[in-house]
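Take a look at the structure below.
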Amino acid sequence: MEQPITHEEVAALAAEPELLWPRKPVEAFDVSKKALVFQQMEIDEDIDVTRGTPVVRLFGVTADGHSVLCHVHDFYPYFYAPAPAGVQPHQISHYIQAINDQASGLDRITVHNPVRNIELCTKESLWGYHGKVKVPFFRITVKQSNCVSAVKRVIEGGVNVGTMGQYAASCYETDLKYILRFMVDCGVKGANWVECPAGEYTVREPEQRIGACQIEADVSCRELISHPPDELEWAKIAPLRILSFDIECAGRKGIFPEAKIDPVIQIANVVKVQGEDTPFIRNVFTLGTCASIVGCHTLSFTREEDLLARWTDFIQQVDPDVIIGYNTTNFDFPYLFDRAAHLKVASFPYLSRLANVPVKVTEGRFSSKAYGTRDSKKIGMTGRLQLDMLQVMQRDYKLRSFSLNSVCAEFLDEQKEDVHHSIITDLQNGNEETRRRLAVYCLKDALLPLRLMDKLMSLINYIEMARVTGIPFNYILTRGQQIKVIMQLYRRTVKEDLVIPHVSSQGGDEPYEGATVIEPRSGYYDVPIATLDFSSLYPSIMMAHNLCYTTLLKASTIESLGLKKDVDYIVTPTKDCFVKSKLCKGLLPSILEDLLSARKRAKADLKKETDPFRRAVLDGRQLALKISANSVYGFTGAVNGVLPCLQISSSVTSYGREMIDQTQRAVEQKFTIANGYKYDAQVIYGDTDSVMVKFGVESLEDAMDLGREAAAFVTTQFIKPINLEFEKVYFPYLLITKKRYAGLYWTRPDKYDKIDTKGIETVRRDNCRLVQVVLETCLRKILVDRDVKGAENYTKRIISDLLQNKVDMSQLVITKALSKTDYAGKQAHVELAERMRRRDPGSAPQLGDRVPYVIIRGARKAAAYERSEDPIYVLENNIPIDTRYYLDQQLAKPLERLFEPILGDKVQQLLHGEHTRSIHISTPTTGGLMKFAVKTMTCLACKAPLKKGQTHAVCDRCQDKTSILYQKQLQVVNDTETRYARLWTQCQRCQGSLHQDVICTSRDCPIFYMRKKAQKDVQSAVDTLDRFQYTW
Amino acid sequence: MNHVSERAPLKVAGQSLLCGPRALPTPLPTNDRVAIASPAADKHFSISQRTYTQQYANVYFVRLQELKPVATRTAHHTWLSDSPALSTKPLRYAPKVMNIVAGEPYFVVGTVYCEQKFRPNVLDDLSKELWVAAPPPRTTYASDHDAVYLEDESSRVSLVGEILRQTPLVTGIVIGVRGVENLNGEFEVSEVCFPGLAPQPPLPECDREDKYVALISGLGVSTQHSVPLGLELFKEFVVGQLGGDGDQTLAARVVKVIVAGDLIGSEEINEQLDKVALTDTGALQQVDTFLEDLASSVTVDVMPGPNDPANHAMPQQPLHTSLFPQTAQLSTFTSHTNPAWFDIDGVRLLGTGGQAVDDACKYTPNTDPLTMAELMLRWQHIAPSAPDTLWCYPFAQRDPFIIRQTPHLFFIGNQAQYASKLVKGAEGQVCRIVCVPRFDTSQTVVLVNLRTLAVHPVGFRCTL
């Protein structure tokens, strides 16, 4: 909003909030004078039906916020195949004819004469060095992209070309998709700005349009200008419209909602413009009336069909560029489409930017070495990007739990109200006030993903990643790391007349030798430990030794070209040969050089930049560049990947190993008393790309000086650009085993940066929170306070508290997702879910729910899985917790590991010492013998049973102790009352309403169990206090 | 009118030392104490059967239900009598927050909720520690990034506007606001209106006799020291053993001593916390003796304070009589709740131990306790920040902290400084507000004339 809005305008919009939905209308412009410049966000391919030609469609937004669909013509798919020896240009038409004839005979081909053209050119295969000799290749252009594989099969199978004889060849670059080919050839990067120059494009009249964008244009690929995003002017981001939404459905008690049965009752939407702080549309679609919400537009419907249809209408009017939400891909969207199909709302699926194409949901599987394998649905919504924040979180972060609640607690530092799905139906079936309550909740769930995205800069970082690696934006969430490297390779080969062969996967999954570790000298170091790091180790090895596909040598090539070892080529520690850069500069090394120098530039710009938004973009860029550089090595080692080359990857790791060893030798030989240093330096540990050195000095400054000196010294022993850097000092440093350590991290001598840990399980999900808290506190005490004794005492106190049942239950809850019912082995959470179902089918956890449980005391030989119990049930019935289990199974191992280097054998004392003698077991109120027990009051002082019917606080003999006992009890009341008050007022605040009861059941919240317990504790404390009323 | 200056008792302080502290005072026959009716202790703030299954929402709900009509009446009166020419559009009343339509001038009544940065937050404290210890005391909750909301049972709206910076607001008060909702859904407030003073029964007029009530708080008795000398002096003054005839005449007109919280020194309690066994000798015994002496001459009413052995959540229930075995035997002694209502021959007194005012002052750093007390009268609520930041019992059916009737005397115990003010209402209500300073730091007792509501701070400073 540029101008302040008057009250009258506000009133007008309030009366008709729909006025806010559409984009600003496009003012008429002259295509011959004005260029069409826009940021493209999505690219897909299409066929021009009338001409039968392929078309690239770019969807995007102009700097003024107008949506654009641009049809790019004249770009045809092509690939390469080696030309037969001695073929002449005039003979090519015979080849075209022969291939077309044979291809037309195939059943599956839909295009007549699929080959459009064949050109003769000279190219060289990417794979291996062959003396830089280019050979003739056919560049085979086909009419449509779906012809590629058929034509390929024809060529690979062999064609009879009349007098020229049989032609058969293996094809190159057939795997590159049409739109990616287009992006490579036209220099289009992911989410970059493109321009249709004035006079070179046409704009379609409304009746000619196929899309729902404001401007629809046609341009030839020859005229299209792509602006490189690393130019300052084109680093900007268009005012994208971002819609975040959340749906609620009314499930039945105890059953997860099913689209065929359970209605969609609410859809909350929040829309904002990228770069602005607050959303300009907030609305909620409700089934049934809904009391109005301040600052929010409520649209009520009596028929669910109308609600769904209106929502599609809303989406089309708002025309969002990006749609986000939390678990929208696997829940909200599929549910909406299934529901609409069930209700036969024909207009519903038309959510995309193509007017006549309904959105389809397909099953897909995402598999990546870096991100793991996950089944996921795919929502094909052409022209609108989707960013499911749940997928973003799962991809980019390691967390205990990915519920929206715990993610918000982690990143937004706030707890979120969580309404259990069984209550949702009750709220829906209530009145307009209860539905309003639900709407407020739904609205919050729609807003949170947006805030999360802003806070984590997800959109900006992803846009930068797409720009840096040149892949389409939507590939970032749906594809792994490989495609990023492939695209960079293609962008390079196209300029250097190289062609990329099709390589079938190399052998099985057999792992090659990994990175080395110098055997750790475990212990607690109370002196500074300097850490020397190879900066970008693997990329710099590849650059230093010129390791690439194009430099790989075969023994036969060495012979035939008469190359000399160490003059013309090198032999790596794995006995593979690569030519030196004077003969041929490798492709991968130059990609890496570009990436790393671009990163250096971005970092330098970042330092200078003051504008917070541009800083965010630059930071996202340098991060993207770093990740991309590091993924190149992995690409060559991915045996099942597109272009695996183990000669490269295993050479890289073996160089790495050598370098770590060499560093150790160099440091330990130079920094000795004999050489005039104060102490003999010792390398206590080394891993992948870093070496930890104990120089022996006691001050941080000295350690840092020596670290810098050592780094500079060792660097001189290696080939450029390999660079050993001194980065940090750990002081103190706790080295447990290999890949497990913790230390206080210093980069300047005056103030430490952080506690740095590796391999110490604080976030593992099957741990209870107590483990995390205890480990973190111990580490803080050991490292920050340097108080080992304090950490021991703290641990003892916690163990003692645990055994005496004083630890809050929320610390002991273990949570697991109930993902399927037929687990092979018996599992605690599955067993519990089954038991809960028998107790009350309505409240029992459903498939997909996360089941929280604690381990309770049970029969002597009962397995742990039989002793799992619902924490709420435990609280309500005073069931004793198996504190031993928590000590032995949860705390013991991590604590042993942590304290072993410090205490040695004495570690057992920590776990089994004096402090573990006192044990308190609470008395259950149900089950077992309690049925037969008779309750009698006992004297609060001497515990003697009181006479039947007496409820006094003390027995007759203890009368004189009354005042003391009273004050003691008062203390208990005050403590519990304060807890009760603090916890319940917090929930009242958190739910955002003072006048309504708290209904939140967020089990991820640290106070959920606490507040339940506080309620019981204060009641029992007050009841006991009341016994004093009758004493006098 | 016999004005008691601070110096007068000081002069006679030395003489009183001659009397042994344990010597029972004998009232002088010439100055018989003025008699008053002694009704049973007011039960307004007592809780008979405490349960904790209900939630705090009830407190707010009941409060709003009772105060909304009051605030609405005042708002109607204030704003709808405006000359209509002032605004282009007519001002309308929104019965509920959700009825507000953006762009239209409205006024609406609801509960204030202040989202404040430095407010104690149990989640923050939890992330630092494992348990829920009492929050570290903060001097203020306010910061520059605070937000104010107005809510009723239907919904909540964010309030914006310069006027909010100038108006002291506390979470939990019920107020009316007028303004216009903007496109972001924020309500731009132009004016704020409080419920105003509650109705008041007239001061009894038949009485021509001067009667005084003595207000004292924060005695700070501890085990280490004997009862402080100043306290002894006060006792002797009340029983009529101190000063000249004038003083004694005045003393005889003191009909009641009210201890507005904190008999015991704060360090005393903290130390007892860690001890396994509590001692019932020491501080409590000394207090018992002191009270017994007083109560043998005048009616003594005791309210618990923040440091006393009583429950800490509001309202504090009466100190258990077993804590004062000697005094408890006397019919002149009554143990009260905090807060508490008193009736002295028709004069209505409302007293608090000071916790509510202290807490409310943290919301608006520029408001002093006396002003806050006056605001509370105008808000018709003496503990608005309960339960949000002032812990209180989760009342389900009623909110006892609502002031349905403006008292004649409203006193706040345990304040740092003495302060007093006479507040007058539109319907002729008159209320004397007294901030009673802690005795252990100020050695000051406040005498209030129940006939005229005149107020006299009396110092018992003793410099040896």
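All figures in this text were calculated on a predicted structure; none of them were measured in a lab. Throughout, protein chains are lettered first and strands after them, A, B, ... in sequence-line order, and every chain is numbered starting at 1.
Both the backbone and the side chain of A:Gln1015 come within contact range of chain B, each with at least one heavy atom under 4.5 Å from a heavy atom of that chain. Only the side chain of A:Glu433 comes within less than 4.5 Å of a heavy atom of chain B; its backbone N, CA, C and O stay farther away. Only the backbone of B:Asn182 has a heavy atom closer than 4.5 Å to any heavy atom of chain A. Contacts between A:Arg282 and chain B at a heavy-atom distance below 4.5 Å involve the side chain alone, from C-beta outward. Heavy atoms of B:Gln54 lying under 4.5 Å from chain A belong exclusively to its backbone. In this structure, chain B has a heavy atom under 4.5 Å from the side chain of A:Leu1025, while its backbone stays farther away. Looking at B:Val97, both its backbone and its side chain come within 4.5 Å of chain A, counting heavy atoms on both sides. Looking at B:Leu64, the atoms closer than 4.5 Å to chain A (heavy atoms on both sides) all sit in the side chain, from C-beta outward.
The NE2 atom of B:His320 sits 9.5 Å away from the CG atom of A:Leu970 when rounded to the nearest 0.5 Å. From A:Tyr980, atom OH reaches atom OH of B:Tyr56 across 5.5 Å, with rounding to the nearest 0.5 Å. Of the inter-residue distances, the one linking B:Asn311 atom CG with A:Gln971 atom CD reads 11.5 Å to the nearest 0.5 angstrom. Annotation: the span from A:Thr978 atom OG1 to B:His312 atom NE2 amounts to 7.5 Å, rounded to 0.5 Å. Within the model, atoms OH of A:Tyr966 and OG1 of B:Thr321 stand 8.5 Å from one another, a figure rounded to the nearest 0.5 Å. Separating the CG atom in B:Leu183 from the CD1 atom in A:Ile281 is a distance of 11.0 Å, to the nearest 0.5 Å.
Ranked by heavy-atom pairs under 4.5 Å with chain B, the first of A:Ser810, A:Gly992, A:Ala291, A:Cys296 is A:Gly992. Contact tally against chain A (heavy-atom pairs below 4.5 Å) for B:Glu153, B:Glu104, B:Glu151, B:Arg156: the top residue is B:Glu151. Considering only heavy-atom pairs separated by less than 4.5 Å from chain A, the leading option among B:Ala57, B:Gly103, B:Gly172 is B:Ala57. The most heavy-atom pairs under 4.5 Å with chain B, out of A:Arg989, A:Arg437, A:Arg436, A:Gln988, come from A:Arg989. Comparing B:Glu115, B:Met98, B:Arg63 by how many heavy-atom pairs each has under 4.5 Å with chain A, the most go to B:Met98. When the candidates B:Asn184, B:Ile100, B:Thr389, B:Val101 are compared by the number of heavy-atom contacts under 4.5 Å with chain A, B:Asn184 comes out ahead.
The shortest heavy-atom contact between A:Gln1019 and B:Thr51 is OE1-CA, 3.2 Å. Pairing each heavy atom of A:Thr985 with each of B:Trp391, the nearest pair is OG1-CZ3, 4.3 Å. Heavy atoms only, all atoms of each residue included: A:Gly295 and B:Glu181 are closest at N-OE2, 3.5 Å. In terms of heavy atoms, B:Ser155 sits closest to A:Val294 at OG-CG2, 3.8 Å.
In this view, B:Asn58 satisfies the side-chain hydrogen bond (donor to acceptor under 3.5 Å, both in side chains) rule with no residue, not counting sequence neighbours. With sequence neighbours left out, the side-chain hydrogen bond (donor to acceptor under 3.5 Å, both in side chains) criterion links B:Thr111 to A:His995.
With hydrogens and angles disregarded, no donor-acceptor distance shorter than 3.5 Å links the side chain of B:Arg50 to the backbone of A:Val1018. A:Asn974 places a side-chain N or O within 3.5 Å of a backbone atom of B:Ala310 that can act as its donor or acceptor partner. For the pair B:Gln55 (side chain) and A:Val998 (backbone), a donor-acceptor distance under 3.5 Å is present.
For the residue pair A:Glu977 and B:Tyr52, a side-chain donor N or O sits within less than 3.5 Å of a side-chain acceptor on the partner.
Counting heavy-atom neighbours within 6.0 Å of A:Lys444 NZ, excluding the residue itself, gives a total above 12.
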